[in-house]
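Worksheet: one structure, shown below.
When reading the values below, keep in mind they use all heavy atoms of this one structure, side chains included, and skip hydrogens, waters and symmetry mates. Naming: A, B, ... by sequence-line order, numbering from 1 per chain.
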Number of protein chains: 2
Amino acid sequence: MPKLGMEPVRRKALVDAALRTIGSQGSLDVTMSDIAREAGVSAALAHHYFGSKQQLLIATIRALLGQLRTDAVAALKAAATPRQRVSALIRVSFQADQFTPDVVAAWLAFYGQAQSADEVRHLLVIYARRLHSNLLSGLKPLSGPDDARRIADGAAAMIDGLYIRQSLKAAPLSIEASVTLVEDYVSGQLSGLNNTLPLTQSLSPLNGERD
Amino acid sequence: MPKLGMEPVRRKALVDAALRTIGSQGSLDVTMSDIAREAGVSAALAHHYFGSKQQLLIATIRALLGQLRTDAVAALKAAATPRQRVSALIRVSFQADQFTPDVVAAWLAFYGQAQSADEVRHLLVIYARRLHSNLLSGLKPLSGPDDARRIADGAAAMIDGLYIRQSLKAAPLSIEASVTLVEDYVSGQLSGLNNTLPLTQSLSPLNGERD
DNA sequence: TTTTATTGATTGATCAGTCAATCAAAAATA
DNA sequence: TATTTTTGATTGACTGATCAATCAATAAAA
């Protein structure tokens with residue numbers, strides 16, 4: 001069987017399998033054997049390519065983060081106004097493929113791991129910073145920098161919190177309801193400012209002005 | 001050494017030790033020996049009183065939840081108006097002893113555990129429901145029931161999200177900043193309604209009217 | 001033949017949970 | 001009161017299972 005060039009194929013298969021396994025079990029207490037079996041290879045091969053379980057987990061987080069970035073970049077490209085950029089970021093966070101029980105459970109498991117593993121924490125901090133800074137760049141033109149920072153903090157927190165709620169699977173909010181909640185927060189905060197900036201587009205963020 | 005009536009003393013010591021150990025390590029991957037050592041007893045004694053590690057963990061969550069309820073009840077008792085009740089609930093969530101890195105890390109670890117342990121999930125669902133329903137009872141007099149539900153969802157999500165952010169320990173928000181964010185959200189949403197109800201007190205929630 | 005892919009078998013460590021034994025206070029008895 | 005019995009508290013040592021990591025061996029390209 002051994003054909004050449006298997007390494008990238010196996011790496012991807014193992015990372016995908018790790019995500020599925022962690023997600024379905026909802027915990028990082030999955031064995032290398034579990035993951036390898038899911039990927040259709042031996043546990044020894046997983047060690048061969050990743051060196052350690054920890055490294056495989058880190059590669060898995062990176063994959064998750066990379067997907068999120070790709071999605072965010074694509075969504076931002078389609079947004080014309082600052083307000084639309086903010087909406088695009090909110091929507092990406094709750095995009096169907098990011099908001100599945102498996103993926104949410106995996107994120108949660110990684111957050112737990114962040115407490116004891118600095119490298120994991122670092123990656124999650126990068127995610128948090130990126131979301132915050134992306135939101136900020138959309139919000140700054142719509143308010144003062146201080147308000148923008150504040151609103152970005154609030155929106156980011158609400159997004160993360162909705163993820164947690166989702167993970168409990170008890171009366172979880174739908175994607176649409178989640179998006180609406182965050183949108184309402186942002187709109188409410190922006191319209192509550194001592195309007196020194198035109199806010200005309202802020203009430204229907206997704207219907208951008210024509211031309 | 002054996003004096004009578006040690007059981008409640010040991011149980012409490014073990015639960016406290018579990019919280020400290022889990023919090024400081026930031027993970028449920030602590031051994032019974034770790035916890036027992038922290039409590040100053042043997043691992044065998046921990047098993048003697050709790051039967052299993054899982055049961056000790058569940059007792060620990062219950063303790064956390066119980067403390068939260070006690071604090072909430074006390075805070076609600078001091079609140080005169082519905083709006084003040086909402087503020088009291090927000091403040092309790094970020095109360096100093098609930099918002100320490102240890103406690104936050106422990107909560108996070110328990111959320112992870114909720115994925116695979118139904119009893120743990122059930123307890124966390126209880127917490128989520130209690131917060132939501134408490135918020136609701138304060139919000140309903142200030143808005144319609146539908147808006148109240150929506151705002152309660154948003155506020156609860158934001159609170160949980162701020163906890164997560166805290167756990168990352170990267171530029172975490174202060175207690176005051178956290179409280180302010182949630183307060184601003186609630187105030188912003190309430191003032192954005194088609195005001196069919198008097199909202200005069202909603203802008204300075206903590207300065208209740210006299211008499 | 002050299003290199004790459006792959007695995008079964010093994011190792012060493014870790015841990016939850018069990019158990020039999022010990023110790024000392026309390027209760028019963030003399 | 002003095003002595004014996006009972007009982008709760010406590011632990012060290014052990015077991016069985018699990019798992020990450022290693023390694024030597026095999027198979028198939030190149």
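- Among the nucleotides C:dA5, D:dT22, D:dT10, the one closest to any side-chain atom of A:His47 is D:dT22.
- One can place CZ of A:Arg11 at 16 Å from C1' of C:dT6, the figure rounded to the nearest angstrom.
- Summarising the geometry, the separation between CZ on B:Phe50 and P on D:dT10 is reported as 13 Å, rounded to the nearest angstrom.
- Atom C1' of nucleotide D:dT10 and atom CD of B:Glu7 are separated by 13 Å, given to the nearest angstrom.
- Counting to the nearest Å, the C1' atom of D:dA21 and the CD1 atom of A:Ile35 are 14 Å from each other.
- The side chain of A:Lys53 sits closest to D:dA21 out of D:dA21, C:dT7, D:dA9.
- Nucleic acid contact for B:Ser42: base, since at least one base atom lies under 4.0 Å from a heavy atom of the residue.
- The nucleotide whose nearest atom lies closest to any side-chain atom of A:Ala44 is, among C:dG8, C:dC15, D:dA20, C:dG8.
- The interatomic distance linking B:Asp29 (CG) with D:dA20 (C1') rounds to 13 Å, in whole Å.
- Regarding A:Met32, its CE atom lies at a distance of 10 Å from the P atom of D:dT22, rounded to whole Å.
- When the nearest nucleotides of DNA chain D are assigned to A:Gly51 and A:Asp34 by heavy-atom distance, the more 5′-ward of the two goes with A:Asp34.
- Nucleic acid contact class of A:Val30 (heavy atoms, under 4.0 Å, all strands): sugar-phosphate only.
- Side chains of A:Pro145 and A:Arg149 form a contact here, defined as non-hydrogen atoms less than 4.5 Å apart.
- At most 12 non-hydrogen atoms from other residues, nucleotides or ligands lie less than 6.0 angstrom from CZ of A:Arg69.
- Phosphate proximity of D:dG8 to B:Arg10: absent, as no side-chain N or O sits under 4.0 Å from OP1 or OP2.
- When the P atom of D:dG12 is taken as reference, atom NE2 of B:His48 falls 15 Å away, rounded to whole Å.
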Side chain to side chain donor-acceptor pair (under 3.5 Å) evaluation trace for B:Ser187 with B:Arg83: CA-CA 9 Å; B:Ser187 296; B:Arg83 187 63 182 83; 2.9 Å; yes

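- Distances from the side chain of B:Tyr49 to the nucleotides D:dA9, C:dT6, C:dG8 place D:dA9 closest.
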Pair B:Thr31-B:Thr21, side-chain contact (heavy atoms from CB on, under 4.5 Å): steps then yes or no: CA-CA 9 Å; B:Thr31 69; B:Thr21 309; over 6 Å; no

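- Tested against B:Ile126 for a side-chain contact (heavy atoms from CB on, under 4.5 Å), the candidates B:Ile61, B:Leu131, B:Leu65 yield a single pass: B:Leu65.
- Atom CG of A:Leu45 is separated from atom P of C:dA5 by 9 Å (rounded to the nearest Å).
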